[in-house]
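The structure appears below as structure tokens.
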Amino acid sequence: MPHINLPEGLQGIRAAMAFRPETAKPLNELAEVLLHAPNSLTPGERELIATYVSLQNDCYFCQTVHGAIAAAHLDGDEQLVKCVKADFWSADISGKLKALLVIAGKVQKGGKYVTAADVEAARNVGATDIEIHDAVLIAAAFCMYNRYVDGLDTWQPRDEELYLQRGRKTAKEGYVTMSKEYLPQDSRL
Amino acid sequence: MPHIALPEQLPGISSAFAFRPETAKPMRELAHVLLHEPNSLSQGERELIATYVSSLNDCYFCQTSHGAAAACHLGTTETVRQVHADFQQAPISEKLKRLLVIAGQVQRGGKQVSRSAVDAAREVGATDTEVHDAVLIAAAFCMYNRYVDGLATLQPQDETMYAQMGAHLAREGYRTPSIRPTSEESHPS
């Protein structure tokens with residue numbers, strides 16, 4: 001049972017966001033820019049970073065839903081998402097994404113763990129400053145989202161099919177549009 | 001030196017915000033709602049939660065700037081110092097002490113938040129929104145702190161600068177930059 005009286009019937013972060021729409025708005029806008037808006041890293045690559053960090057933080061809801069969104073962006077390749085979670089070094093992803101996942105893993109442990117050598121390694125395989133920035137901020141942001149979801153003890157049903165369905169829809173629509181499913185519709189927000 | 005080419009002459013998160021205005025916008029808005037907009041927890045209390053979590057995450061820039069904002073709201077630096085040293089002995093409400101316990105648990109990880117800590121906060125009058133906000137402030141500073149340190153932003157040891165930033169944050173909140181480049185043309189604020 002959640003630690004506070006969250007709206008019933010909403011899973012994970014949706015319940016927390018519906019409880020407090022004022023903070024939900026910037027939280028969804030941040031996810032939209034970081035994960036969904038066009039960028040040199042594909043949405044699939046950015047969702048893999050989010051999934052990987054959520055796994056490190058042991059957040060079931062976030063790793064499962066973002067894993068599903070990643071798979072939807074990657075032509076339904078759930079196997080690739082599983083490989084990245086199990087051992088990204090042996091996964092069929094670019095050297096650049098591997099180097100960015102190293103940086104993301106350091107950020108998850110703490111900002112000061114990121115070394116100049118990690119950043120240099122990413123740059124050597126073609127990562128731009130914006131891509132490094134975004135890898136750092138995606139990882140940092142999921143250290144927030146994961147703590148928010150678990151810190152309120154939100155309802156996180158173990159129902160893979162639910163997450164896969166939602167993943168396909170979120171991959172298409174993005175975070176701000178999807179939020180209309182569960183946020184009160186109020187023109188002031 | 002920062003890990004990426006951030007705008008020079010801007011310290012801490014200000015340089016990262018200037019580098020990527022698209023993500024700065026929702027991050028500013030989130031801080032503004034959580035820390036500045038009217039709420040049953042005072043602005044000073046909420047800034048103390050932000051300062052405390054930033055000190056647990058060992059982020060110099062965030063703990064110093066938010067400590068300065070807290071001091072402005074509270075009219076004294078002494079309480080900020082005491083909360084930093086040992087909040088259980090500080091001259092703050094019992095409710096805030098118990099919310100700081102929850103914030104400290106969130107800093108370690110979302111699953112560390114215990115039912116007994118939430119019950120303890122509720123026993124001294126904490127509402128669901130206050131518990132929610134304590135959790136989200138703590139989670140958000142696990143993001144901001146990692147962002148600031150993960151990019152190795154410039155963090156000058158300059159008490160006057162932080163006092164000025166704190167005064168701006170306490171007065172204006174977070175929607176506008178609290179610090180601007182000094183050597184270029186300066187705009188009257």
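Small disclaimer: the values here were computed from a predicted structure and weren't measured. Per chain, numbering begins at 1; letters A, B, ... match sequence-line order.
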Under the side-chain contact (heavy atoms from CB on, under 4.5 Å) rule, what do B:Val33 and A:Arg20 come out as? Steps first, then yes or no, please. CA-CA 11 Å; B:Val33 174; A:Arg20 189 87 153 92; 4.3 Å; yes
Step by step, would you call A:Ile103 with B:His3 a side-chain contact (heavy atoms from CB on, under 4.5 Å)? CA-CA 11 Å; A:Ile103 293 174; B:His3 288 317; over 6 Å; no
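The two residues A:Val107 and B:Arg146 come nearest to each other via the heavy atoms O-NE, 2.8 Å. Across all their heavy atoms, A:His3 and B:Val113 have their closest contact at NE2-O, 3.4 Å. Of all heavy-atom pairs spanning A:Asp150 and B:Lys111, the tightest one is OD2-NZ, 3.0 Å.
At a 4.5 Å heavy-atom cutoff, the contact between B:Thr129 and chain A is made by backbone and side-chain atoms alike. Heavy-atom distances place the backbone of A:Thr115, and not its side chain, under 4.5 Å from chain B. Only the backbone of B:Gln107 comes within contact range of chain A, with heavy atoms under 4.5 Å apart. In this structure, chain B has a heavy atom under 4.5 Å from the backbone of A:Gln108, while its side chain stays farther away. Residue B:Arg28: no heavy atom, backbone or side chain, is found under 4.5 Å from chain A. Using a 4.5 Å cut-off between heavy atoms, A:Phe19 contacts chain B through its side chain alone, with no backbone atom that close. Contacts between B:Asp58 and chain A at a heavy-atom distance below 4.5 Å involve backbone atoms as well as side-chain atoms. Interface residue B:Val135: only side-chain heavy atoms are found under 4.5 Å from chain A. For A:Lys106, no part lies near chain B; criterion is any non-hydrogen pair under 4.5 Å. Only the side chain of A:Asp153 comes within less than 4.5 Å of a heavy atom of chain B; its backbone N, CA, C and O stay farther away.
Note: B:Leu30 CG to A:Glu29 CD = 10.5 Å, rounded to the nearest 0.5 Å. The CD atom of B:Glu22 lies 8.5 Å from the CG atom of A:Asp134; values are rounded to the nearest 0.5 Å. Here the CE-CG distance, from A:Met144 to B:Asn145, works out to 12.0 Å after rounding to the nearest 0.5 Å.
Atom NZ of A:Lys172 sits in a sparse spot, with 12 or fewer heavy atoms from other residues, nucleotides or ligands closer than 6.0 Å. For CG of A:Asp87, the number of neighbouring non-hydrogen atoms (other residues, nucleotides, ligands) closer than 6.0 Å is greater than 12. Applying the 6.0 Å contact sphere to NE2 of B:His84 captures no more than 12 heavy atoms from other residues, nucleotides or ligands. More than 12 non-hydrogen atoms from other residues, nucleotides or ligands lie less than 6.0 angstrom from NZ of A:Lys85. A 6.0 Å sphere centred on CD of A:Glu161 holds more than 12 heavy atoms belonging to other residues, nucleotides or ligands. Atom OH of A:Tyr113 has 12 or fewer heavy atoms from other residues, nucleotides or ligands within 6.0 Å.
Heavy-atom pairs under 4.5 Å with chain B peak, among A:Thr128, A:Asn28, A:Ile130, at A:Ile130. For the set A:Ala16, A:Ala116, A:Pro26, the entry with the most heavy-atom pairs within less than 4.5 Å of chain B is A:Pro26.
A:Lys25 places no side-chain N or O within donor-acceptor distance of the main-chain N or O of B:Glu29, the cut-off being under 3.5 Å. Judged by distance alone, the side chain of B:Arg115 and the main-chain N or O of A:Met1 form a donor-acceptor pair under 3.5 Å. Side-chain atoms of B:Asp128 come within 3.5 Å of backbone N or O of A:Asn5 as a donor-acceptor pair.
Between A:Tyr148 and B:His132, the ring planes are perpendicular. Angles over 60° get that label, and only those under 30° would be called parallel.
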